[in-house]
Every structure is written in structure tokens, then in C-alpha cells.
Visitor: 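Take this structure, written in C-alpha cells, and hold onto it; I'll ask about it next.
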2 protein chains.
Amino acid sequence: MKQPLSRDSIVTEALRQLTSSGIAGMSLRKVAAALETGPATLYAYVEGLSELHALILDRALAKVTVRPTANTSWRDRLQRLLRSYARVLTASPGLAQLALGTIAVGPNALRITEALMALLEEGGVDPATGAWAVDLLMLYVTAIVAERGGGVDPAAPKGFVARAVDAVSERDYPHVHAAREQLLSGTGEERFAWALQVILEGILRRPRSSAVEPAATTKSRPRKRSAHAR
Amino acid sequence: MKQPLSRDSIVTEALRQLTSSGIAGMSLRKVAAALETGPATLYAYVEGLSELHALILDRALAKVTVRPTANTSWRDRLQRLLRSYARVLTASPGLAQLALGTIAVGPNALRITEALMALLEEGGVDPATGAWAVDLLMLYVTAIVAERGGGVDPAAPKGFVARAVDAVSERDYPHVHAAREQLLSGTGEERFAWALQVILEGILRRPRSSAVEPAATTKSRPRKRSAHAR
DNA sequence: ACCTGAACACCGTTCAAGT
DNA sequence: ACCTGAACACCGTTCAAGT
């Protein structure tokens, strides 16, 4: 009675399950059941679970907005793009973990990479640095989303970490103790925005063309190196 | 005949399995079998799988060297410490994924946080910035290890990504196409070292006390902001 | 009271037997 | 030749029945 079963309908159902029930709520067997067939049938359309993961990821990434409202600085547009990427990953619990295990080379991942490279170039970042920078930026965003939303299970007692950090021994961990409030401060949004600024600033100041730190110099004093990237 | 069974022996055996066989090679049932008991028995010593994960992680982190050879710059020592952390995560396939899902508040994780905070302070980073910086640095390192070593399975065809990137359409993805060699260039070590320098540079230039970018300014020109943090 | 064998409710993947 | 029910080899967790 359902639609005639296809790669497409399998991916749609799988993403639906992931979005509504998290990583534990999606399985080949449940997808098969929802599509009113046996689990073995799916193997006619999909290589296995890990190919399905890749397909789900790219399907989800279609929702990322790569052309945010113009008329703002490239920095602002880059931050909006990465926020859109983070939002899409957050919308389907477990998608970020899945993204970390899957090297995204689907068309939608490429579309995001392309847009980020263009924005960095607009910011004066040379292509060699831009290539690595895109990896770094996307990895950071994926990781931070993966770190928070482990799953959809409400098993995370919000106070548990706070209690552990608060109880830290002043004698054994003086720096941690002194900064215990700072370690827990800030909303996710604030930390995300700060981290992006940090990484972006570093990218602009440390093009790949710049020499590598010679190990035994410096004393907190920043080096005179190229600010005018490329 | 085996040792009398304890939290400790369970963690030891679990970490042994993880190290030798990756995340798929470790399970509560296999640990129980190796310890010559039934799976239910473990629940007398451990709350469940996720507590075991946290215990394994902290046990593994004991091997991280937090006091690298002195007589070098704080930057150098910080990089050595993070490399040691990365090495420990890499040594047990799947440990990094597990670390992303587990908020590490065990004594060994605290020891690492403490050492990083001390090094950043030595570098002139204020405690408020240092607290967030430690999170960012550890998250990056954890994520990059998690991204590569998905498991111990040799299922990763090294050429697969290269082929996908090489085949990218010049018309649809001009920037990606132009930088396709750069996207694949460099060893893991080189990218790791570069990324750490980028993040560190950003941390030094963007203390939390600095104002937030006012959205519609800049043109790649860096701001005059404090290099001499705090 | 404590420990645990067996059961429960799941997995992904394979394959022989049917159409 | 193609599709798939049933089986295989696993999971984590629970619980009643034994000591």
C-alpha cells in the first residue's frame, strides 16, 4: 500500500526516525518495518548501515542555507552559514555523531564547502589556507554539536557536571578550582560565537605560508608574522 | 580462578578489549565472558555501559603526560601535552568517540585541564578566557582523533575520498575544484600542528574581555585589539 | 541479602528457499 | 534472476529463582 520502495523513500524514513527519536530510535529494522517489508529487503537498495548514514547526512545537509542575507561582512555571513549548519545537525539528534564518522562528500556537503571557501577567499584567505580552514571550521561545529546532544534521552542530569566541577579540590587542582565558575559560564551560543571568532582570527593570522614556530622561542609575546594573509 | 572480580578488573579488561579490538570489539558481554561470569554480574559493580565508558576514559587518560620536558616555551609544552592526549586517544580505537559522548570529570581529565590552564596562564591568558580555551583545545583534539579512527576495521578505502574530491565539477564547485589538491594535502601531523597554532593564535588575540565583532564592519583587516591578554 | 542464568527486546547482516 | 523469511551471531538490561 505504501510507495513502491526506493533508495529515496528509505532515506526519507530513516531521517524521519533520526529526527524524531535520535540515534537509538533509528535502525535498519525499524525503517524496514515502517516501510512494511523485512530487513533483508533494504539491502537491495542500500549497501548497508554506513552507506545509509552517508545518505541521511547528505539529505539533511540540503537544509543548510549557504546564501545568507547579503549586505553584511563576509565574517558575518560565514558565521551565519556555520550557525545554519549547526542548527541542521542539532535538529536531528545523533546526526552530528554520524557526521563525525562519515566523510561527507555528497553534493550538499560540497555545496557547503564551496560556500565557505568563497567566503574565506573574500576575506583574503589564500586557497591553500582556506582548504584546511574549512575542514577545521566544520570539524569544530560538528564536534560541538556531537558533544552536547549525545542522544534524545533525557538521561543528562544538568547539575552533575556542575557538582563535580564545584567540588574540585583546591589543593590538587588550583587553577581549575579558581576558574570553576568560568568553566561552567556562558550559554552554548556565547561559547559557539566566541570559538568561531577565535578560530577565524587564528586563520587570518596564521596562513599556511607562515613559518612554523621554532619550538624554543617566544614568551607569550606574539610574533610579528603576516596579518595581511596571502 | 581469575582475580576475585572488581570494578577495577572490569575496567582493565574493558580497556584491554577496546585497545586491541576497537569499539566494536568491546562489550559488557565480552568483558563478562573474559572474566568468566555472566553479563548480569557486572551490574553489581558498574551502573551500566555509559558509566563503564566514563571509567575507561579516565583510566586511559592516566597515560597522558602532563609535565613534558621543561626548558621549552609554554607554547611548545602545550602542544606536547595535547599531542600526548591525542596519542592516548589514538592508541585505543574508539576511545575518542567515547570521549565525545562522555563529559570527563574524572581525576585524570581534571589533571589535564589543570595543566592546560597553568600553561595558558603562563602564556598570559586570563583565567576566564583560559577556561573556555581549554574546552576548545580539548574538543578539537578529541574530534580530530574521533574523525579519523572510526574503528579498527580496515574498511576505509583511502582512495575513496580522493577520487570523490578529484572528480568535483569545476562548473558547480569552482573553489573546491581549484583547491582540490590542497583539500587533500598534508599529513595528519601537519594539519594537527597547524590547527593548534591557529586556535592558539586566536585565543591570544581574542580574549573573552574583547568586544564582540559589530557584525557589519571589517574587510579582512584585523582589529587593533589586545595582544597582551590580561 | 546477594548473585546470576535465563529471558527479553532488540541489533546488522547473510543466505537458502521460494517466486 | 530477484526478493525476502528466517536464521545467525550478536547487543544491553532486567528479574525471578536459586544460594
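Just so we're on the same page: letters track the sequence lines, and every chain starts at 1. Just so it is clear, the values below take in all heavy atoms, side chains as well, and ignore hydrogens, waters and symmetry mates.
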Visitor: Among the nucleotides D:dT13, D:dT4, D:dC10, which one has an atom lying closest to any side-chain atom of B:R29?
Guide: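 In terms of side-chain proximity for B:R29, the closest of D:dT13, D:dT4, D:dC10 is D:dT13.
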Visitor: Could you tell me how far apart A:H53 (NE2) and C:dT13 (P) are, to the nearest whole angstrom?
Guide: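 Rounded to the whole Å, the gap is 9 Å.
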Visitor: Any heavy-atom pair between the side chains of A:L28 and A:P39 that's under 4.5 Å?
Guide: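 In short, these two side chains do not touch, never coming nearer than 4.5 Å.
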Visitor: Look through every strand shown and name the nucleotide pairing with D:dG5 as Watson-Crick or G-U wobble, where both distances are under 3.5 Å.
Guide: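 Paired with C:dC15.
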Visitor: Of all the choices, C:dT13, C:dC15, C:dT4, which nucleotide is nearest to the side chain of A:A40 once you look at every atom?
Guide: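 Ranking C:dT13, C:dC15, C:dT4 by closest atom to the A:A40 side chain puts C:dC15 first.
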Visitor: Nearest of C:dG12, D:dG12, D:dT4 to any side-chain atom of B:S27?
Guide: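 The answer is D:dG12, which lies nearest to the side chain.
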Visitor: To the nearest angstrom, how far is B:I23 atom CD1 from D:dC10 atom P?
Guide: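 Spelled out: CD1 on B:I23 to P on D:dC10 is 18 Å.
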Visitor: Is there a Watson-Crick or G-U wobble partner for C:dC10 with both distances under 3.5 Å, and which nucleotide is it?
Guide: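 Here C:dC10 is not engaged in any pair, so there is no nucleotide opposite it.
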Visitor: Given side chains that start at C-beta, do those of B:W132 and A:W194 come closer than 4.5 Å, heavy atoms only?
Guide: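 In contact.
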Visitor: A:K30 side chain: which of C:dC10, D:dC10, C:dG12 is closest?
Guide: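 The answer is C:dC10.
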Visitor: I need the single residue from A:R148, A:R87, A:R83 that forms a salt bridge (Lys or Arg N to Asp or Glu O under 4.0 Å) with A:E189. Which is it?
Guide: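 That would be A:R83.
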Visitor: Taking atom P of C:dT14 as reference, at what distance in whole Å does atom CG of A:L49 sit?
Guide: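 So the CG-P distance, A:L49 to C:dT14, works out to 12 Å.
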Visitor: To the nearest angstrom, how far is B:L28 atom CG from C:dA9 atom P?
Guide: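 So the CG-P distance, B:L28 to C:dA9, works out to 20 Å.
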Visitor: Measure from CD on A:E47 to C1' on C:dT13 and round the result to the nearest Å.
Guide: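 One finds 13 Å between C1' of C:dT13 and CD of A:E47, rounded.
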Visitor: What closest approach, in Å, do A:A146 and A:L100 show between heavy atoms, and which atom pair accounts for it?
Guide: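 What the structure gives for the nearest pair is CB-CD1, 4.0 Å.
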Visitor: Send over the distance from A:L35 CG to D:dG5 P, rounded to a whole Å.
Guide: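 Distance, rounded to whole Å: 13 Å.
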Visitor: If you only use heavy atoms from C-beta on, which nucleotide in D:dT14, C:dC3, C:dT13 is closest to the side chain of A:Y43?
Guide: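 That would be C:dT13.
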Visitor: Rounded to the Å, how far apart are A:M26 CE and C:dC10 P?
Guide: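 Taking atom P of C:dC10 as the reference, CE of A:M26 is at 17 Å.
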Visitor: Can you tell me if the side-chain N/O atoms of B:T41 get under 4.0 Å from OP1 or OP2 in C:dT4?
Guide: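 Answer is yes, contact under 4.0 Å.
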Visitor: C:dC15 and D:dC3: how far apart are their C1' atoms, nearest whole angstrom?
Guide: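 So the two C1' atoms sit 12 Å from each other.
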Visitor: Return the value, rounded to whole Å, for the distance between atom CG of B:L42 and atom C1' of C:dT4.
Guide: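 So the two atoms are 11 Å apart, to the nearest Å.
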Visitor: Determine whether B:Y85 and B:T142 satisfy the following criterion, side-chain hydrogen bond (donor to acceptor under 3.5 Å, both in side chains), listing intermediate values before the conclusion.
Guide: CA-CA 8 Å; B:Y85 175 59; B:T142 308; 2.7 Å; yes
